[in-house]
Amino acid sequence: MTSPFKHPISHALTSFNGTVAEPEQSVEQQAGAKVHHLPASIWKRKTGRAKSPLDVAIEGSRDFFFKEQLPKGYWWAELESNVTITAEYIMLFHFLGLVDHERQRKMSNYLLSKQTEEGFWTIYYGGPGDLSTTIEAYFALKLSGYPAEHPALARARAFILEQGGVIKSRVFTKIFLALFGEFDWLGVPSMPVELNLLPNWAYINVYEFSSWARATIIPLSVVMHSRPVRSVPASARVQELFVRQPTPEDYSFAKGGGILTWENFFIGLDRLLKVYEKSPLRPFKKAALAKAEEWVLEHQEATGDWGGIQPAMLNAILALNVLGYQNDHPAVEQGLRALANFCIETEDQLVLQSCISPVWDTALALKALVDAGVPPDHPSLVKGAQWLLDKEVTRPGDWRVKSPDLEPGGWAFEFLNDWYPDVDDSGFVMIALKGIQVKDRKAMDATIKRGINWCLGMQSKNGGWGAFDKDNTRHVLNKIPFADLEALIDPPTADLTGRMLELMGTFDYPITFPAAQRAIEFLKKNQEPEGPWWGRWGVNYLYGTWSVLCGLAAIGEDMDQPYIRKAVNWIKSRQNIDGGWGETCQSYHDRTLAGVGESTASQTGWALLGLLAAGEMHSATVVRGVQYLISTQNGDGTWDEQQYTGTGFPKYFMIKYHIYRNCFPLMALGTYRTLTRTQP
């Protein structure tokens with residue numbers, strides 16, 4: 001499992017100081033791979049010499065992105081999350097009996113490097129200690145040979161016991177402990193494998209789950225049916241993480257307030273399912289296991305990935321293992337290789353990313369360079385655009401279940417994920433491609449037409465868009481005991497709906513277009529009382545409000561309408577004294593923290609872009625925001641940012657996109673310069 005990584009990563013866009021493993025054959029050696037930049041003399045004639053601090057800042061950031069573009073034309077930055085992803089990687093190798101002690105040493109070093117002085121691990125920079133994350137890191141370190149007496153483990157153990165121990169942890173943590181006999185399977189919520197047989201028209205079926213939940217639950221249902229246990233040495237056990245010896249009551253789920261609630265209904269149903277699962281009379285069990293096995297094998301990409309995310313990939317490998325597939329089976333080998341391709345490795349550390357984002361990163365970089373005034377025929381833009389065009393998804397995916405007549409199109413997040421393109425990537429890719437002068441413009445126009453048609457076809461009945469599926473709105477599913485991450489569905493959200501409006505407006509759809517009218521009504525209904533919009537895929541209200549305002553401006557909405565001015569005034573009211581904007585991840589837990597937090601480069605970029613879309617280019621607020629970005633820029637054209645400003649699952653899984661701190665400031669500065677020089 002030590003094969004070379006498939007792709008190089010943009011060196012200065014990681015937390016590893018740019019030192020990463022190189023592929024077996026460097027892409028620089030492949031024919032046609034080199035990006036040719038314009039000679040400086042020609043570039044200066046096109047852009048003129050930088051004359052102001054604004055020009056200097058834009059030029060420095062622009063040149064940084066030129067330098068970080070990889071030879072094939074794409075950009076790929078680290079997607080940093082929390083240590084559970086790497087901890088579970090260690091657990092996987094122990095479960096499979098494939099421990100590589102050198103790689104395990106590096107992963108352990110990574111885990112220890114992320115532990116706080118207090119002894120816990122967090123899910124975002126500066127956040128509170130997270131019980132489940134700390135338990136998983138602790139267990140992974142013990143599997144790696146660290147004794148309970150080690151100072152790092154002693155500090156972690158004190159925090160875990162103070163928080164209530166293993167019994168208080170989340171479902172996925174309990175599942176991973178159960179795989180090694182450190183937690184009783186009885187305490188894991190039921191997810192009967194027969195669920196896979198329910199027809200698509202049933203109120204609850206696998207296609208009513210979000211794409212990421214579906215791709216995880218189907219293989220996990222096989223694992224939970226088998227309830228495997230791999231014994232570990234006594235030195236690796238973690239029974240010391242229980243406050244006291246568990247009782248049967250500890251393994252049950254506490255009822256919430258009230259009697260007739262969905263939570264209590266599903267808790268009762270879980271008890272019935274546990275009785276059913278013990279029954280020898282399960283006539284559909286064999287068919288359900290076969291259906292799940294077929295689904296897992298069918299949904300594996302040619303590269304070995306499942307769903308483009310670690311949970312789906314790891315659980316698919318576990319499922320195949322319990323079904324009897326050996327470690328040298330091609331499906332398992334490919335899956336392990338795909339996980340390895342998600343890793344960043346140095347001499348001393350190794351981290352597994354939860355997902356990778358080259359398509360998203362490339363679209364963001366292209367849009368930033370276009371906004372910075374780079375000519376549309378510049379080789380860097382042309383090369384990046386062609387790389388994106390070659391990544392178009394051309395085959396039906398799971399979305400076809402609810403849209404059987406919709407033709408394929410669009411883009412996914414990763415290098416390859418044909419089963420799950422998403423409207424956010426697709427929309428932003430097409431916005432970024434607009435106007436770039438690739439060689440075959442006719443082919444690009446046809447690709448964009450397919451992409452727009454696919455995106456429009458994914459609009460939900462309520463007028464909004466979710467990410468991967470339409471009408472994925474069974475909110476009751478987030479009430480089942482298994483759903484303690486509150487992420488089993490993919491309902492339409494304001495940020496994605498704003499993106500679709502921006503897509504339509506960019507390609508000259510009128511505001512009277514029916515899809516646009518339904519989208520605007522959706523946004524009006526979902527605006528917060530104070531004026532902003534909640535952000536599903538970025539932290540948080542600043543992200544959602546930026547996306548919505550840009551969409552409304554692009555489609556031609558009157559930006560002087562009261563509901564829009566309310567949003568504009570909200571952004572202005574959240575500006576920090578230093579001129580920037582920031583918002584803590586805690587705003588997902590506490591609405592009073594909306595738009596409140598230490599200033600960051602990315603969130604300042606969002607706030608400025610939202611205000612600029614609303615015509616505020618000459619306001620004192622915008623000027624102060626621009627000055628903040630200029631004054632905090634580094635000499636190499638970059639910005640520093642420790643905070644996590646991306647969102648995987650609100651409240652529970654936060655992301656730090658290492659490209660955000662640089663691309664959004666460049667977009668904002670470039671847009672500001674264009675608007676202030678073209679409009680009085």
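Note that the coordinates shown come from a computational prediction; the quantities given were computed from them, not determined experimentally.
- Counting heavy atoms of neighbouring residues, nucleotides and ligands inside a 6.0 Å radius, atom NZ of Lys524 exceeds 12 of them.
- Scored by the salt bridge (charged side-chain N to carboxylate O under 4.0 Å, His left out) test, Glu80 finds Lys114 as partners (sequence neighbours excluded).
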Quiz item: Taking it one step at a time, do Val539 and Tyr644 satisfy side chain to side chain contact (heavy atoms under 4.5 Å, CB included)?
Solution: CA-CA 8 Å; Val539 182; Tyr644 283 39; 5.8 Å; no
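- For the pair Ile217/Phe482, a side-chain contact is recorded, criterion being any heavy-atom separation below 4.5 Å from C-beta on.
- Here the side chain of Arg673 pairs no donor or acceptor atom with the backbone of Leu54 at under 3.5 angstrom.
- Expressed to the nearest 0.5 Å, how far CD of Gln575 lies from CD1 of Ile577 amounts to 10.5 Å.
- Between Arg157 and Glu162 there is no salt bridge, since no side-chain N of the basic residue sits under 4.0 Å from a carboxylate O of the acidic one.
- Rounded to the nearest 0.5 Å, atoms CG (Leu666) and CZ (Arg661) are 14.0 Å apart.
- In this model, a donor atom of one side chain and an acceptor atom of the other lie less than 3.5 Å apart for Thr116 and Glu118.
- Trp534 has its side chain within reach of Tyr541: a pair of non-hydrogen atoms, C-beta onward, lies under 4.5 Å apart.
- With respect to Asp371 and Lys367, a salt bridge is recorded, a charged nitrogen being found less than 4.0 Å from a carboxylate O.
- Looking at heavy atoms from C-beta onward, Ile511 lies in side-chain contact with Glu557 at the 4.5 angstrom threshold.
- For the residue pair Gln586 and Tyr124, a side-chain donor N or O sits within less than 3.5 Å of a side-chain acceptor on the partner.
- Salt-bridge formation is not detected for the pair Arg214/Asp490: no Lys NZ or Arg NE/NH1/NH2 atom is positioned less than 4.0 Å from an Asp or Glu carboxylate oxygen.
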Practice problem: Apply side chain to side chain donor-acceptor pair (under 3.5 Å) to the pair Gln603 and Thr645, showing each step before the final yes or no. | Solution: CA-CA 7 Å; Gln603 290 167 322; Thr645 62; 5.5 Å; no
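- Donor-acceptor pairing under 3.5 Å is recorded for the side chains of Asn576 and Ser599.
- No side-chain N or O of Thr133 forms a donor-acceptor pair with one of Thr84 less than 3.5 Å apart.
- What you find for Trp121 and Ala156 is that their closest heavy atoms are CZ3-CB, 3.8 Å.
- Note that the CG atom of Leu131 and the CD1 atom of Ile135 stand 4.0 Å from one another [nearest 0.5 Å].
- In summary, the side chains of Ser460 and Asn462 do not present any donor paired with an acceptor at a separation below 3.5 Å, with no hydrogens or angles considered.
- Note that CG of Leu542 is 7.5 Å distant from CH2 of Trp606, once rounded to the nearest 0.5 Å.
- Figure legend: cation-pi geometry between Arg155 and Phe120 absent, as NZ or CZ is not positioned both under 6.0 Å from the six-membered ring centre and within 45° of its axis.
- A salt bridge is absent between Asp578 and Arg624; no separation between the charged side-chain nitrogens and carboxylate oxygens falls under 4.0 Å.
- Looking only at distances, a side-chain donor or acceptor of Thr216 sits under 3.5 Å from a matching main-chain atom of Trp212.
- To the nearest 0.5 Å, atom CD of residue Glu208 and atom OG1 of residue Thr473 are 7.0 Å apart.
- Using a 4.0 Å cut-off between charged side-chain N and carboxylate O, Arg170 and Asp484 make no salt bridge.
- Residues Trp639 and Thr632 form a side-chain contact, since some pair of their non-hydrogen atoms from C-beta on lies under 4.5 Å apart.
- The closest side-chain donor-acceptor pair between Ser587 and Glu583 falls under 3.5 angstrom.
- Tested against Gln353 for a side-chain contact (heavy atoms from CB on, under 4.5 Å), the candidates Ile655, Leu79, Thr86, Ile85 yield a single pass: Leu79.
- Side-chain rings of Tyr543 and Trp537 stay apart, their centers remaining 6.0 Å or farther from each other.
- With a 4.5 Å cut-off on side-chain heavy atoms, Tyr657 and Trp360 count as touching.
- Each of Leu366, Val370, Thr506 was evaluated against Ile431; a single residue qualifies, Thr506, per the side-chain contact (heavy atoms from CB on, under 4.5 Å) test.
- Nearest heavy atoms, Glu136 versus Ala87: O-CB, 3.6 Å.
- At a cut-off of 3.5 Å, with distance as the only test, no side-chain donor of Asn472 or Ser210 sits close to an acceptor on the other residue.
- In this structure, Met500 and Met458 have side chains that are not in contact, with every pair of non-hydrogen atoms separated by 4.5 Å or more.
- Classification of Lys566 and Glu530 as a salt-bridged pair fails, no side-chain N sitting under 4.0 Å from a carboxylate O.
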Practice problem: Applying side chain to side chain contact (heavy atoms under 4.5 Å, CB included), run through Tyr672 and Leu612 and close with a yes or a no. | Solution: CA-CA 7 Å; Tyr672 172 76; Leu612 291 170; 4.0 Å; yes
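- Tyr652 and Glu486 are linked by a side-chain donor-acceptor pair at a separation below 3.5 angstrom, with hydrogens and angles left out of the test.
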Exercise. Evaluate side chain to side chain contact (heavy atoms under 4.5 Å, CB included) for Gln633 paired with Thr638, printing each intermediate quantity in order.
Key: CA-CA 6 Å; Gln633 188 182 34; Thr638 65; over 6 Å; no
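- Side-chain atoms of Ser631 come within 3.5 Å of backbone N or O of Gln627 as a donor-acceptor pair.
- From Asn417, atom CG reaches atom OG of Ser211 across 8.5 Å, with rounding to the nearest 0.5 Å.
- With ring centers used as reference points, Phe522 lies 6.0 Å or more from Trp465.
- For Asp471, the salt bridge (charged side-chain N to carboxylate O under 4.0 Å, His left out) criterion is met by no residue, not counting sequence neighbours.
- Side-chain contact between Leu364 and Tyr660 is present, with heavy atoms from C-beta onward closer than 4.5 Å.
- Side-chain atoms of Asp361 come within 3.5 Å of backbone N or O of Ala77 as a donor-acceptor pair.
- Here the side chain of Glu414 pairs no donor or acceptor atom with the backbone of Val359 at under 3.5 angstrom.
- No hydrogens or angles considered: nothing links the side chains of Asp558 and Gln561 as a donor-acceptor pair under 3.5 Å.
- Donor-acceptor pairing under 3.5 Å is recorded for the side chains of Asn634 and Asp640.
- Heavy-atom contacts from other residues, nucleotides or ligands closer than 6.0 Å to CD of Glu598 number 12 or fewer.
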Exercise. Given side chain to side chain contact (heavy atoms under 4.5 Å, CB included), test Trp581 with Leu611 step by step and report yes or no.
Key: CA-CA 12 Å; Trp581 282 264; Leu611 292 175; 3.9 Å; yes
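- A donor atom on one side chain and an acceptor atom on the other are not found under 3.5 Å apart for Ser354 and Gln310.
- Pro665 and Ala601 get closest at one heavy-atom pair: CG-O, 3.6 Å.
- Looking only at side-chain heavy atoms (C-beta outward), Leu549 and Ile564 come within less than 4.5 Å of each other.
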Practice problem: In sequence, state the C-alpha distance, the side-chain angles, and the governing distance for Thr621 and Glu616, and then conclude on side chain to side chain donor-acceptor pair (under 3.5 Å). | Solution: CA-CA 8 Å; Thr621 303; Glu616 293 286 320; over 6 Å; no
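- Considering every non-hydrogen atom in both Arg536 and Pro650, the closest pair reads NH1-CD, 3.5 Å.
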